[in-house]
Amino acid sequence: MASKEGSAGQSFGAVLAAVTTMSGNVSRSEKEHAHEFLEKFQKSVEAWTITHEMLQSPDVPVEAKLFAATTLKGKIVFDLDQLPAESILALRDSVMNLLVAYAAGPRPIQTQLCVCLASLAIQMLDWKDVLPTVGAALGSSAGDCVLEFLKILPEEVTEGRKINLSEEDLDSRTRELLEDNAEQVMHLLIQYAQSSQMSQLLATASTNPRLLDCITSWMREIPAAKIVDSPLMDVILKALDDDRSFESAVDSMCTLYRDTREVDDSLPIIQALYPRLMSLRPKIAEFAEAEDTDAYRGITRLFAEAGEAWVVLMARLPTDFRGLVEAVLECCARDWERDAISLTFVFWYELKQYVTLERYADARGCFSDVFSSLVDIMVKHLEYPRPEEGETDLFGGDREQEEKFRHFRHSMGDVLKDCCAVIGVNECLTKAYQLIQQWVSKYASQSSDEHVPNWQELEAPLFSLRAMGRMVDPEENVVLTQVIPLIVQIPNQEKVRFQAIMALARYTEWTAQHPETLEAQLNYVISGFQHSSPEVVQAAALAFKFLGTDCQKLLGGHIAQLHSFYESVLDKLKPASQEEVTEGVAAVVAVQPLEKIYETMKLFCDPIMARIMNLANNAKDEEGQRAVADHLQLITIFILVVNPYVSPREENPAVKYCGEILPIMTTIVMNFTSSTPILERVCRCWRNMIISYRTAMTPLLPTLAQSLASGFEASREGCFLWATDAVVREFSEGAEFVDPSTSHAVFQFYEQQAVAFLRTLNDLPPENLPDVIEDFYRLSSDAVRYYPKECVTSSLSVPIFSAALSALTLQQIDPLMATLHYYHDLFSFAFDKPTVSEFTTADGKSYTNPPEIREAVKQLIASQGQLLTQHILTGMMFSFPGECFPDASSVMMMLFELMPEEAGTWLQSTLQMLPAGTMKQGEAERLLKGIFDKVHSGEVRKIRVLLQDFTNSYRRRNVAPREGLGRLEATRFRFSG
């Protein structure tokens, strides 16, 4: 690429101005205009020349040069076909000349140019001497630049899927560039490491992170054994002594470990590495004493990842590898900031997985003391920080640090579970119990509600008890019988009380087996509702939920007391806590004798309904409507939980109560047709009536169907279709205890909802109805599954199919997925055995798809296939989110499976509609040939891959934004030479 001399204003002034706008302090509209201009520029033919001019001009700012280099990279990856074939060699030479010019930096530009050259190397299939050519062009004075190119080449080859090469060409090029060059590169790296000339240029090999990064990158191709036996191993280890290269050296070591995970094949390598690794153990104490956070994370990673790679050897040879386990333990113990310890969690889990196997019982015994110490270390790390003198906030106001600590604690709780699995639950629980006892003996007499000394030492073991709860058998009779009575005496300090209540919540299954402890726990939890801390109140609500659920039979005779408690606390709680307490109460109602279910349900639910009606009468704003919705959820909880067994010949007492509240809910719906929260909660309640009581709801079905139809017509909210879906599934044709007339009426109800949906879609554009579209096509998928004949022969089949085409113009994932699933489910009925029809007929036989249904679906496809192909293919190329690609390509695959010739015509016609110049020469023909080859060879499922590869490639070239723009908009860069 020859440079064209000229002023910036004439050759690239517009680009430079737009780049300046993107990184400047200007209005949003100006940035949007600049962004749009630069996006078009990056895909234009002119960008080839202009990027070179910008990179060669001394007058262009460094930020703009980085943009130019990034743009050039995108051009090479995606747009190489814009250039004549005879220009490619000149492009390669010009990129190498640019690399020589930027050999001294700035490094970000140098890196982008190296990626450019690597991408060219992948695509220039006739370029066989890549490394010698690049080495000769850059020369010995560009050592760092050569290393950067060598580092990037394997990375870009591995990412070669983004380059438009066939699988065969990419495989062949991978062999030529990597496998065939591995030996040569290794010799070159050794030469760099040992050359006095290069050492003078690079300071020393062991302090040059670029050399180490290059070694790491080529470990994809160079076997670990060769690295370990070469001078490069000394370079890596020596680099661990230098701050500049330490992090890169850690990466190199950890990459070596990953190559030795097959320990039986790698034993000689591991035996060579292990002593050298263990010689680094003194660095753990050294970095801890220096409080060097980054170095400590690095040394911890060094030992933890070695442990992960060789964990099976620790199980087989526990004595030989005990030193490594102890080193990881030391990393945990010395972690003063609790910053590096998380790097060890995977190792402890993996080691636990092995040593708990019977065959490794010896290793379990050998490491039991290590896991015992690990419990002590973890519980100590669980302690909240102690604030500075006069400071009340534990984290000094740093909420991010507080959230990080909370997350970290739960991960440490998982490690405690691992310890339980290795050394036994009783030993771990005893440790926590002893710590609580120690605190009580030291500080209990000094504690009051206002002051609890050193509460961190009490809260941490309480948290550990809670964390280990899942490992404890409900029949445990040794430690918990001592711990639980101690917990209910814990003082009232906020965090301690919170943790004590949460610990009790974790052991409610145990409590159900030890009823003598229930009353004291229940009193302790209920008293928590009076605490001044909202967190403690929330914990009490959660604990009550579990006590009610797990101890429901023990509490079954205390309905009056529970009702009094429920009414006294309900209005004081936040919505989430209201739901939890309601779940606990509902669980107790659920175990009442059948003859008492109705009156007990009425006892608890009538006051809630009274609240709902009162709130509804005063719901003048969004907050008031939200309160109505929250209380409706409480009724839904009772319907979900109170689900008594009643024979089909008897009236279900819960359904009897539903019949009483159904008209009230319908009135609320019609009074709040524009309140989404209220409508969604009512529909959730109605939907769960169907799910919970199934065909027992038959007497209420006409009223419920009318309410759902009226609600949808009045509100146009998708939740009514969501609730309708439950009716369609439960009362489908052939379902148990459903007579044909009811089933027929339900399908007519579906059609009624479909007509209302189609009217709505006719009145409003699809982008205004994403939720309604999603719910309707999920409903229609189930209608097709359960009423296939009725659906495909209905007069509404074509309008519903056509309406789905308009839904495919959306860009939101959920409605698109629902619509694509509808097409997939519908098309499956064009086959002998529909994959989506797993139900059996009334006589217990598998469903066989009748010929008339298969033919009706094919006729539907034939009449709409051209439009469907256009919408799906253009969606995949232009607008669909990536998550929709598998389903979209699956629908296209079914079209080819059912009607290959017609589908080929539809596809070809769609491709001809694409803008000129957006497809590469012969690309459409190759796609069609590939698809028909797969059809004729019976490999229809591989059509999905062909379509996804084609549309991904097209999208990356023509639609997706190129790199560089986001960087410009985010911030200005700092560059180092």
Side-chain angles (χ1 to χ4, degrees), residues 114-115 117-118 121-122 127-160 171-240 242 245 247-262 265-273 276-277 309:
C114 284
V115 175
L117 195 54
I122 297 168
W127 184 13
K128 304 299 182 183
D129 57 344
V130 172
L131 296 189
T133 304
V134 173
L138 297 182
S140 60
S141 61
D144 270 4
C145 195
V146 174
L147 288 174
E148 186 75 0
F149 174 74
L150 285 175
K151 167 187 171 288
I152 284 169
L153 183 61
E155 298 169 353
E156 291 304 304
V157 172
T158 305
E159 293 294 317
D171 289 343
S172 172
R173 204 63 182 138
T174 300
R175 281 194 303 274
E176 290 175 353
L177 291 174
L178 301 186
E179 295 173 32
D180 295 350
N181 281 324
E183 196 74 32
Q184 181 186 350
V185 169
M186 183 166 174
H187 288 308
L188 187 62
L189 293 174
I190 293 172
Q191 192 177 5
Y192 271 35
Q194 295 178 332
S195 166
S196 58
Q197 182 184 2
M198 291 305 300
S199 293
Q200 192 172 17
L201 177 68
L202 307 175
T204 62
S206 60
T207 59
N208 182 12
R210 288 209 191 188
L211 175 59
L212 292 154
D213 292 342
C214 192
I215 294 170
T216 303
S217 184
W218 277 88
M219 284 179 188
R220 306 162 197 254
E221 300 301 325
I222 302 172
K226 290 191 174 184
I227 300 285
V228 171
D229 290 338
S230 77
L232 296 178
M233 192 69 234
D234 291 327
V235 172
I236 295 170
L237 290 168
K238 194 170 188 316
L240 292 165
D242 191 277
S245 54
E247 189 175 337
S248 293
V250 170
D251 285 338
S252 296
M253 287 289 286
C254 292
T255 305
L256 274 178
Y257 302 154
R258 287 193 283 275
D259 205 22
T260 61
R261 283 182 177 273
E262 296 297 328
D265 298 332
S266 308
L267 201 54
I269 310 171
I270 296 169
Q271 288 169 337
L273 276 176
R276 306 183 83 164
L277 172 64

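Hydrogens, waters and symmetry mates are skipped; everything else that's a heavy atom, side chains included, is used.
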List the steps and the verdict of side-chain contact (heavy atoms from CB on, under 4.5 Å) for V134 and V146.
CA-CA 8 Å; V134 173; V146 174; 5.6 Å; no
Would you mind writing out the side-chain donor-acceptor pairs for residues 212-228 within the sub-3.5 Å range, not counting sequence neighbours?
| residue | atom | partner | partner atom | Å |
| --- | --- | --- | --- | --- |
| D213 | OD1 | S248 | OG | 2.9 |
| T216 | OG1 | L212 | O | 3.0 |
| T216 | OG1 | S252 | OG | 2.6 |
| S217 | OG | K151 | O | 2.6 |
| W218 | NE1 | L150 | O | 2.7 |
| R220 | NE | S217 | O | 3.2 |
| R220 | NH1 | T158 | OG1 | 3.4 |
| K226 | NZ | E183 | OE1 | 2.8 |

Would you mind reporting whether K238 and S245 have side-chain heavy atoms less than 4.5 Å apart?
no
Could you state the interatomic distance from OG (S266) to CG (L273), rounded to the nearest 0.5 Å?
10.0 Å
So do E148 and D144 actually touch side chain to side chain, heavy atoms under 4.5 Å?
no
Measure the shortest side-chain to side-chain distance between D234 and R276 over non-hydrogen atoms and say whether it is less than 4.5 angstrom.
yes
Distance, nearest 0.5 Å, that separates CD1 of I122 from OG1 of T174:
7.5 Å
Kindly indicate whether the side chain of V157, heavy atoms from C-beta on, has any atom under 4.5 Å from the side chain of P154.
no
Spacing of L232 atom CG and L211 atom CG [to the nearest 0.5 Å]
7.0 Å
Could you go through the side-chain contact (heavy atoms from CB on, under 4.5 Å) check for L131 and F149 one step at a time?
CA-CA 9 Å; L131 296 189; F149 174 74; 4.1 Å; yes
Please identify each residue that fulfils side chain to side chain donor-acceptor pair (under 3.5 Å) with N181, with sequence neighbours left out.
none
Using a 4.5 Å cut-off on heavy atoms from C-beta on, say whether the side chain of E155 contacts that of I152.
yes
In Å and rounded to the nearest 0.5 Å, what is the CZ to OG distance from R175 to S172?
5.0 Å
Nearest 0.5 Å, please: how far is CZ in R173 from CG in D180?
10.0 Å
Supply the atom-to-atom distance L177 CG to K128 NZ, rounded to the nearest 0.5 angstrom.
9.0 Å
Taking R210 for the side chain and L147 for the main chain, is one N or O donor matched with an acceptor at less than 3.5 Å?
no
Under the side-chain contact (heavy atoms from CB on, under 4.5 Å) criterion, do M186 and L189 qualify, and how do the steps go?
CA-CA 5 Å; M186 183 166 174; L189 293 174; 5.7 Å; no
Any side-chain heavy atom of D259 within less than 4.5 Å of one from T255?
no
Please assess Y257 against L277 for the test side-chain contact (heavy atoms from CB on, under 4.5 Å), listing each intermediate value before the final yes or no.
CA-CA 11 Å; Y257 302 154; L277 172 64; 3.3 Å; yes
